[in-house]
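For reference, the structure is listed below as structure tokens.
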Amino acid sequence: MHTRRRFMKFSLLGSAALLTGSHSIAKSLADNIVTPVKNDPVVISTWDFGKEANAAAWEVLAKGGKALDAVETGVKVPEADPDNHSVGYGGLPDRDGRVTLDACIMDERYRCGSVMCLEHIVHPISVARMVMEKTPHVILAGDGALQFALSNGFKKENLLTPSSKKAWENWLKKEHYEPEINIENQLHGKHHHPGGVDNHDTIGMVAMDANGDISGACTTSGMAYKMHGRVGDSPVIGAGLYVDNEIGAATATGVGEEVIRIVGSHLVVELMRQGYTPEDACKKTVERMIKVNPEGAPKVQVGFLALNKKGEYGAYALQKGFTYAVRNGREERIYTVKSIY
Ligand code: SD4
């Protein structure tokens, strides 16, 4: 009886610590016995603007919610932000002036959903989730994805904001397509220069909940001024995002063509399976990109971000300037990432 009471007491302490997410260990003051709590929730996401997205995801995680709900909730923040010129509403258009969105989501049971080249919908991530949960498919693209969204209650909207339209009109004067390195951070809010050679951006987010389950989401308007119909890595499961609940998860940002050819996020997860830390797995993956395209890769930016099952995280990039945001019970901060060049 005594033993049972002690057990219940420690279980309750453990749950409290899980719910607040504020301690990795729950300590009984009365008995001075330390009980490890199994999992501290954590959410990480790409670029400085990941901080606001993480805050929304954290509200879900701190209440004991599921990682899948957290990542969807989190990435919806930049999707709806007209000042974020790289994701969702306000995203920069393709060279025909059309805003086409790519997004995918993956949960702890290897279930995944994706939309490619979707127009007129503010929250492509939620359409991707619906593809995962309500259809027998993984990917819907273009008009089919739009029809599916509209028939499931999503509203058709104009996603081209006046400032994105102005940026596109400026671009048309020269029509020079060249991805600008680290444009994601410059494109966010007040740092946006509508006259500049604006290019790409993405939010990739992965999270682990109090249950120890991992999920991820990735959403983008893709490379600005891309050819109409171009799809990047972000909605490609294994490239822009991969989750293996036994091992961890990874996501990518940057020039998608480089990521796709090495199936980057899947490679990061497989390297973690071999025992590499998240940072080292990301570094090896970046090195692979250079190995397979020694001419092209050094000229562009790509960054990988990863989380393992122990809740450890890390990142690596081709170029300087990649950042990511972390939120857990101990910290809310932005890290600057090491790079090859
Ligand atoms: C793409 N990977 O469409 C995306 C763009 C991106 O930060 O991540 N920008 O290729």
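Numbering of ligands and ligand atoms starts at 1, following listing order.
Residue contacts with ligand 1 for Arg230 involve side-chain atoms from C-beta outward but no N, CA, C or O (heavy atoms, distance under 4.0 Å).
Under the 4.0 Å criterion applied to side-chain N and carboxylate O atoms, Arg129 and Asp69 are assigned as salt-bridge partners.
Every residue was checked against the side-chain hydrogen bond (donor to acceptor under 3.5 Å, both in side chains) condition with Glu332, not counting sequence neighbours, and none meets it.
Glu133 is listed as a side-chain neighbour of Leu68, based on a closest heavy-atom distance under 4.5 Å. Between Thr285 and Ile262 there is a side-chain heavy-atom pair separated by less than 4.5 Å.
The Met223 neighbourhood of ligand 1 comprises atoms 1 (C), 3 (O), 5 (C), 10 (O), with distances under 4.0 Å to a heavy atom of that residue. Counting atoms of ligand 1 from 1 in the listed order, those under 4.0 Å from a heavy atom of Ser234 are 2 (N), 4 (C). Residue-ligand proximity, Asp233 to ligand 1, at heavy-atom distances under 4.0 Å covers atoms 1 (C), 2 (N), 4 (C), 10 (O). Ligand 1 places these atoms under 4.0 Å from at least one heavy atom of Gly222: 3 (O).
Using cut-offs of 30° and 60° on the angle between ring planes, the pair Trp171 and Tyr225 is parallel. Relative ring orientation between Tyr335 and Tyr324 is described as parallel, the plane-to-plane angle staying below 30° on a 0-90° scale split at 30° and 60°.
Taking distance alone, with nitrogen or oxygen atoms compared against 3.5 Å, Gly254 approaches ligand 1 more closely than that limit. In terms of polar-atom proximity, defined here as any N/O pair under 3.5 Å, Thr202 does make such a contact with ligand 1. The distance criterion of under 3.5 Å between nitrogen or oxygen atoms is met by Thr253 with respect to ligand 1.
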